Number of protein chains: 2
Amino acid sequence: MLDLHRLRLLRELSHRGTLAAVAEALSYSPSAISQQLAQLEHETGVPLLEKAGRRVRLTEQAEILVRHTETVLGQLERAEADLAASLREVTGLLRVAAFQTAALTLVPNAVTALARSHPGLRLRIRQIDPEQAIPTLTARDYDVVLGEEYPGQPQPRVPGVSLHRLGRDPLRLAVPDSFDAADLADLASAPWAMEPSGTSPRRWAQTVCRTAGFEPDIRFESTDMVFHASLVATGHAASLLPDLVWAATPIPGRLLTLPGSPARTLFMAVREGAHDHPAITAFHTALRTSLTTLKTTLPLPTTEADPAS
Amino acid sequence: MLDLHRLRLLRELSHRGTLAAVAEALSYSPSAISQQLAQLEHETGVPLLEKAGRRVRLTEQAEILVRHTETVLGQLERAEADLAASLREVTGLLRVAAFQTAALTLVPNAVTALARSHPGLRLRIRQIDPEQAIPTLTARDYDVVLGEEYPGQPQPRVPGVSLHRLGRDPLRLAVPDSFDAADLADLASAPWAMEPSGTSPRRWAQTVCRTAGFEPDIRFESTDMVFHASLVATGHAASLLPDLVWAATPIPGRLLTLPGSPARTLFMAVREGAHDHPAITAFHTALRTSLTTLKTTLPLPTTEADPAS
DNA sequence: CCAATTCATCAGTTCAGCTTAAGGGTACCG
DNA sequence: CGGTACCCTTAAGCTGAACTGATGAATTGG
């Protein structure tokens with residue numbers, strides 16, 4: 001009988017490429033992974049790994065096993081979901097990774113609602129960059145990862161992970177009251193606050209400025225959008241920020257709607273097979289109602305129709 | 001993550017009914033089973049077993065897990081089969097349980113053929129009563145069980161096990177030369193050799209005699225059909241025997257064809273998911289050719305058309 | 001009512017699988 | 001080309017999960 005634990009290691013290897021990465025992801029020493037895979041090879045009697053430079057490559061047979069392992073793991077995930085669904089009360093522990101604005105705004109409301117509706121469900125929230133959190137779904141560090149997708153910056157497709165849309169979060173231009181600007185083009189030489197390079201909000205914001213015909217003068221870089229807001233409030237920079245920020249901090253100046261009414265899409269990533277899990281569907285609906293509640297509460301310019309709400 | 005090993009124990013329990021039986025089947029102590037299932041209950045946080053007198057009953061949740069476990073185990077079986085199928089040569093070890101006539105006649109030819117065509121395949125044959133061997137398929141004591149089905153004695157359907165027909169083996173009346181009998185009715189007061197009561201050949205043979213209008217005078221009981229044949233040869237008893245016996249021992253007297261040309265059906269039982277395994281398909285074809293070869297070789301009365309060959 | 005079954009529990013033991021440490025091969029870079 | 005960094009493997013030793021065996025409690029059948 002094939003050992004599922006070893007098969008999982010093989011599957012991780014096929015995703016991550018090196019034994020060291022698998023070990024890192026699953027908190028083992030590389031040696032343990034090497035031994036276990038050697039054992040799997042021995043049990044099956046089939047070569048599964050072959051050296052490729054200083055790395056290893058999966059053989060054709062190993063790929064076959066990986067494919068089956070995916071379906072087996074999905075089946076087990078569904079078993080857990082079915083089991084949880086058969087109970088009246090939703091219980092257990094849900095480990096959530098949330099990006100900053102979600103953690104500050106969406107999540108607290110959702111947690112409150114769930115504490116009332118599903119007292120048996122425990123939540124563990126951690127604020128973390130979603131780009132690095134999504135791969136850890138399959139490593140089972142988290143059950144849910146909240147993510148965002150900026151226009152023109154599509155989320156990479158990760159096998160074994162399914163995405164579930166939460167809604168749109170409109171993106172607007174936040175300008176200090178002291179700035180004399182009516183639209184984007186007026187800010188060609190203004191100081192800007194943006195996210196660090198390499199992030200998708202940064203790529204999007206830069207694209208917006210370049211489309212408007214200028215290269216932004218970026219004076220402040222931070223992943224902290226509340227920091228951006230305070231820079232706007234104190235008159236130091238303009239910034240392109242999503243509406244949800246204003247649920248966490250007061251609107252610091254003027255908000256200008258951008259051409260085309262762009263928005264980031266908020267989504268929830270879970271392991272395939274787990275999306276039926278009652279804890280996850282409960283969390284999903286709690287987030288969606290949290291989002292729509294926040295949207296109607298916020299005193300925002302109603303210059304756009306939002307098809308998501 | 002649900003532990004597959006523990007799930008397997010739960011599955012066995014749902015089939016066998018008591019912890020003791022599971023322990024017996026899988027060569028553990030009952031204590032080990034109890035501990036493992038308690039652990040599974042603890043991990044899932046869901047009650048899985050409830051006391052029912054001095055036994056235990058599976059809860060609704062446990063049944064859910066069992067259903068999923070069945071599909072997961074089937075998937076793993078298919079993984080192994082796919083893996084083996086991807087290799088050029090058929091290798092590995094095939095553990096076969098065979099009933100007596102099969103072990104004496106069908107199997108040796110098949111083994112010879114396989115040794116030539118698939119030198120990498122090792123076989124371990126054990127002669128054993130198929131009725132007790134089939135349940136052990138799921139316990140993985142055997143990979144293949146050869147079985148027989150007498151007319152009107154249908155094989156019980158075992159979940160997780162699939163049956164594959166090998167062919168018909170005609171049943172005839174073997175009468176000592178010294179007996180003055182032309183058909184069944186002439187043997188109403190003759191001494192008979194039959195299989196022990198409780199077996200399906202016995203039930204069938206008794207039905208045949210009763211249909212012919214008499215209760216047989218059973219003087220010899222044995223599962224050994226070669227013994228039956230020798231009783232016929234030595235003039236001590238008549239017996240209802242399948243043709244395959246004559247591949248193991250000379251025809252001892254006269255063979256009379258029965259009305260309706262009855263035959264037992266020979267089949268091969270394997271775990272579901274394993275029927276695609278190349279070692280098993282190879283064994284299957286070897287057995288079928290072995291059977292047809294034997295049939296054409298035997299000097300038998302050709303009074304019947306055999307639709308199986 | 002006693003004997004036999006069956007499951008639960010506890011203490012003791014064994015072995016699979018982990019970590020650490022050392023070694024060898026490969027790529028990349030000055 | 002040597003140096004360095006990275007990656008995989010192997011050996012040795014240790015730890016904890018899981019097994020055995022003994023004991024006890026509950027239930028059923030003769």
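What you see is a predicted model, and the numbers here were worked out from it, not measured in a lab.
The nucleotide range of DNA chain D contacted by chain B, defined by atoms under 4.0 angstrom from heavy atoms of the protein and reported 5' to 3', is dA18(D) to dT28(D).
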Solution key, residues 152-159 of chain B side-chain donor-acceptor pairs under 3.5 Å, sequence neighbours excluded:
{"unit_1": "Gln153(B)", "atom_1": "OE1", "unit_2": "Arg203(B)", "atom_2": "NE", "d": "2.9"}
{"unit_1": "Arg157(B)", "atom_1": "NH1", "unit_2": "Val161(B)", "atom_2": "O", "d": "3.2"}

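One N or O on the side chain of Thr44(B) and one on the backbone of Leu40(B) form a donor-acceptor pair closer than 3.5 Å. Judged purely by atom type and a 3.5 angstrom limit, Thr59(B) uses its side chain to pair as donor or acceptor with the backbone of Pro47(B). With hydrogens and angles disregarded, a donor-acceptor distance shorter than 3.5 Å links the side chain of Arg271(A) to the backbone of Leu137(A). In this structure a side-chain-to-backbone donor-acceptor pair under 3.5 Å is missing from Arg78(B) to Asp276(B).
Within the structure, every pair that satisfies the salt bridge (Lys or Arg N to Asp or Glu O under 4.0 Å) test and touches residues 5-15 of chain A, not counting sequence neighbours, is listed here: Asp3(A)-Arg6(A), Arg6(A)-Glu43(A), Arg11(A)-Glu70(A), Glu12(A)-Arg16(A). Sorted by first and then second residue, the salt bridge (Lys or Arg N to Asp or Glu O under 4.0 Å) pairs with a member in residues 25-40 of chain B form an empty list; sequence neighbours excluded.
For Asp217(B), the side chain to side chain donor-acceptor pair (under 3.5 Å) partners are Arg219(B), not counting sequence neighbours. In terms of the side chain to side chain donor-acceptor pair (under 3.5 Å) criterion, residue partners of Gln35(B) (sequence neighbours excluded) are, by chain and number, Ser31(B). In terms of the ring-ring contact (aromatic ring centres under 6.0 Å, His included) criterion, residue partners of His164(A) (sequence neighbours excluded) are, by chain and number, His275(A). With sequence neighbours excluded, no residue satisfies side chain to side chain donor-acceptor pair (under 3.5 Å) with Glu41(B). Residues that satisfy the side chain to side chain donor-acceptor pair (under 3.5 Å) test with Asp129(B), not counting sequence neighbours, are absent from this structure.
Put simply, CZ on Arg57(B) is 15 Å from C1' on dC7(C), counting in whole angstrom units. We find that CG of Leu40(A) is positioned 15 Å from C1' of dA16(C), with the value rounded to whole Å.
The number of heavy-atom neighbours closer than 6.0 Å to CD of Glu24(B), taken from other residues, nucleotides and ligands shown, is 12 or below.
Scanning residues 15-22 of chain A for heavy-atom distances under 4.0 Å to DNA chain D yields Thr18(A), Leu19(A), Ala20(A).
Each end of the helix from dC1(C)-dG30(D) to dG30(C)-dC1(D) yields a helix axis from five base pairs, and these two axes differ in direction by 30° (to the nearest 10 degrees).
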Summary of protein contacts for nucleotides 18-30 of chain C, nucleotide by nucleotide, where a base hit scores B, a sugar-phosphate-only hit scores S (4.0 Å, heavy atoms): BBB-----BB---
